[in-house]
4 protein chains.
Amino acid sequence: MPEQPRRGRPPLAGLPERRRQQIIESAYAVFVERGYEATAISDVAAHAGIGQGTVYRYFASKREILDHVVDFGFEKLIDALEPQSLLSRPNSAEELLAGVRAAITRLYAMLEHDPDFVRLALVEASAIDKELSDRLLGVELLVSTFVAQELRRGVAAGWIRADIDPEVTAHVTLTLVVPGLLQEMRGDNTPQARERATASMLTLLEKALRPSHSVTAGPAR
Amino acid sequence: MPEQPRRGRPPLAGLPERRRQQIIESAYAVFVERGYEATAISDVAAHAGIGQGTVYRYFASKREILDHVVDFGFEKLIDALEPQSLLSRPNSAEELLAGVRAAITRLYAMLEHDPDFVRLALVEASAIDKELSDRLLGVELLVSTFVAQELRRGVAAGWIRADIDPEVTAHVTLTLVVPGLLQEMRGDNTPQARERATASMLTLLEKALRPSHSVTAGPAR
Amino acid sequence: MPEQPRRGRPPLAGLPERRRQQIIESAYAVFVERGYEATAISDVAAHAGIGQGTVYRYFASKREILDHVVDFGFEKLIDALEPQSLLSRPNSAEELLAGVRAAITRLYAMLEHDPDFVRLALVEASAIDKELSDRLLGVELLVSTFVAQELRRGVAAGWIRADIDPEVTAHVTLTLVVPGLLQEMRGDNTPQARERATASMLTLLEKALRPSHSVTAGPAR
Amino acid sequence: MPEQPRRGRPPLAGLPERRRQQIIESAYAVFVERGYEATAISDVAAHAGIGQGTVYRYFASKREILDHVVDFGFEKLIDALEPQSLLSRPNSAEELLAGVRAAITRLYAMLEHDPDFVRLALVEASAIDKELSDRLLGVELLVSTFVAQELRRGVAAGWIRADIDPEVTAHVTLTLVVPGLLQEMRGDNTPQARERATASMLTLLEKALRPSHSVTAGPAR
DNA sequence: AATGAATGAGCTTTCATTCAT
DNA sequence: CATGAATGAAAGCTCATTCAT
């Protein structure tokens, strides 16, 4: 018996990963459509065009699928925001604001291209529990900690006013996207409305961050 | 069922309304405890000390109860924030900020007294759907429209800088409570942390709203 | 509110217990018919003429129903064997054997009246696990311990031969019913066959227990 | 079946049979480990190191595998008991008892060497149905018929008392192993306990079978 | 009006079996 | 032949809702 020549159907290398992705995307679609609790696994399977049992070959439970859907959403979001551009450490208020503006613009671009994305928030919300909310809060904390660091750099360099609280301000800065998302959810998603909202929020941020002496010292903006 | 003629006083006219309230409060308690989906009507009934069937004499469905629980939560929130104080139309940036500070302080006081309240957000989230989210957005829109009006008044009167967008700024202003709520959910709810967050957010708001009077050198008011 | 006059439908005192019994008996019937694993709760419900959900109002799980079915079987068995008659402590080999014979006779009477009972063994077997087998072994141990005690008394009094091991012999004595049960399961359940089997087993037991000197010393029976 | 041209050497004629045996032994192992119902075909396949589909090339159904596992168990048992030694027709009570003792001893030896075997009873039990129980009863009947024959020979030859019922006594004799098995299941499997049980059971059997020669005062045969 | 017993639709999950490769 | 991916039937169980009393 010279070592069997690999009997049986070859296991199709990429198949598992593709199937998983297929299921995640279907789940994403139906979760967004009807919400997590209201969606049955059979709905996910039907949307993916496979049998219910097949879903369980790739995921251990409905809950695990949600986790991956959330990851999927995060990835989409992170990709859209190009966080690396935020990592290009700004050296002036202008650069910081430009970075934020660019991120917001990309966010809107993504929302336009994938309108369902906003509703993902609802999906996540609809299945929120201690663990999931911890994850979400964790991501927010991580990002805002990074932002706070940049703010601190700006304060040290003098291009951000000294009397802010970096941590809190970082949280607030992230929160600035919320009104925009609400606006989208409300359906008021014309380019004009977006631009107006973006401009206003940046102005607000600018006023809040820029040292006041710059007013007297130079042209504001 | 003879009974009819209905002699004597009507059987406690207010009873039905009190029963409804009793059920809503019980639902509030158990929803907050375990979440909407995970709560059975029997849990609500048991908490209220009545039979399950009775619940259905006062509400048509579990979902309808949620609607009222949400209303109940809003009422609690509104009561805590004493919106009438916001209605005392401010006549200076100081007054406006003082009003906001007072509202935030009351919010924190309420959270301390009724910590479960933060969790209500999760409960609502866990049952969120188009209709409910529309309602929530509607409330936000209503309040922010009012705030925008005040902002516009401030602009006209010169104690708020002219280059803000009242609507967007109003939304952003409301959003300012979000970091605080996140903070609470994260469990970081010491008085110090609260005060620090409040102060920072107010500073930010102040910088963003106050006219750079030094520049115009004109009377803010 | 002078204390409500016990509003609502009165909870029908005996109902729960009757329902439980009804379900247990239906489960007994279908378990015996098809076996435990092969029986669905819906089968039990259908046999009882109730909805599946109702079953779960009275029992927490399918397994719990089995436990009660087994108890039900044990009760039937114990009642049939009239263990109290075994408790009438025998004072001679004759009395002991008479007691055993009576018990076996009652067992057969019961089997004739309720032929499904033998199949209960299969049901129990089909669901056997550590816990259940422990229970069964526990009962066997209990009874045989009691029997061993009687045997020891007989040894002390001289009407049982001294060279037996009371414990082992007690176990063996109980085991003597097994061939009879097998016979029943085999369908060979004529009165003649039963009598023949009973007589043989008793003879065997007699020879095994009776002191040999009695042969020479006196009339053996 | 004309067996076709069949060029070259036949592809390991014995292979199919070896595969079957491999599957049966794997099934034996996992059935004993987890029980029949709780074992999935994939478990059997995994244990055998083959694909699930392959199992179905050798057996039509899970149930059929069980049948063979039971056979396998019987074979093990029969091999251990060396029935041929029982077939060496005894010519005295001593020889008979010695044979039984030897068989019991070998049984214990086997249990010690393959402790899972006792659990096979449970496995079989967990899947017991009419057909399987018929098979088991059939085997018991077969063996006891043979034993009965030997007993009859002993009666005829005078070294077994005349007043026994050969059939029933044969059944009882086989049943004598039951207490020992129960003892093992109970975990009380020390050599001492085994020896004590064996001795007691043999003594009992001896008393039950041996003619009260003292009475006849003559040598049996 | 109030109750809780009853229900069945519907859920998640398992797995024996089939079959394209 | 061997394989493992695919499947759908079926199971146990939950619970919103109904309704006889």
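Letters go in sequence order (proteins before strands), and every chain restarts at 1.
- If you measure from atom CD of B/Glu64 to atom C1' of F/dT17, you get 14 Å, rounded to the nearest angstrom.
- E/dA6 atom P lies 13 Å from atom CZ of C/Arg20, rounded to whole Å.
- For B/Arg63 and F/dA16, the CZ to P distance is 14 Å, given to the nearest whole Å.
- Going from atom CZ of C/Arg20 over to atom CD of C/Glu17 covers 5.5 Å, rounded to the nearest 0.5 Å.
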request  = Would you sketch DNA chain F in dot-bracket for me? Only Watson-Crick or G-U wobble pairs with both distances under 3.5 Å count, crossing pairs as [ ], other-strand pairs as |, the rest as dots.
outcome  = .||||||||||||||||||||
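- Atoms CZ (B/Arg57) and P (E/dG4) sit 14 Å apart, rounded to a whole Å.
- Comparing D/Val55 and A/Gly49 by the nucleotide of DNA chain F whose heavy atom lies nearest to each, the residue mapping closer to the 5' end is D/Val55.
- In this structure, OH of D/Tyr56 is placed 18 Å from C1' of F/dC1, rounded to the nearest angstrom.
- In plain terms, the two heavy atoms of D/Arg34 and D/Asp43 that are nearest each other are NH2-CG, 3.2 Å.
- Counting only heavy atoms from C-beta outward, the side chains of B/Gln22 and B/Tyr58 never approach each other to under 4.5 Å.
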What N/O pairs connect the protein and nucleotides 8-11 of chain E at under 3.5 Å? Give each pair on its own line.
none

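- Panel note: side chain C/Lys62, backbone C/Tyr36; a donor-acceptor pair is recorded below 3.5 Å.
- To the nearest 0.5 Å, atoms CD1 (B/Ile23) and CZ (B/Arg57) are separated by 11.0 Å.
- Taken from OG1 in B/Thr54 to CD1 in B/Ile41, the straight-line distance is 11.5 Å, to the nearest 0.5 Å.
- Taking atom CD1 of A/Ile23 as the reference point, atom C1' of F/dT7 lies 13 Å away to the nearest angstrom.
- What you find for C/Val30 and C/Thr39 is that their closest heavy atoms are O-OG1, 3.4 Å.
- Here B/Tyr58 lies in heavy-atom contact (under 4.0 Å) with sugar-phosphate atoms only.
- Between the CD atom in D/Glu64 and the CD1 atom in D/Ile24 there is a gap of 9.0 Å [rounded to 0.5 Å].
- In this structure, D/Arg18 places its CZ atom 16 Å from C1' of F/dA2, rounding to the nearest Å.
- To the nearest 0.5 Å, the span separating CD on C/Glu75 from NE2 on C/His68 amounts to 9.5 Å.
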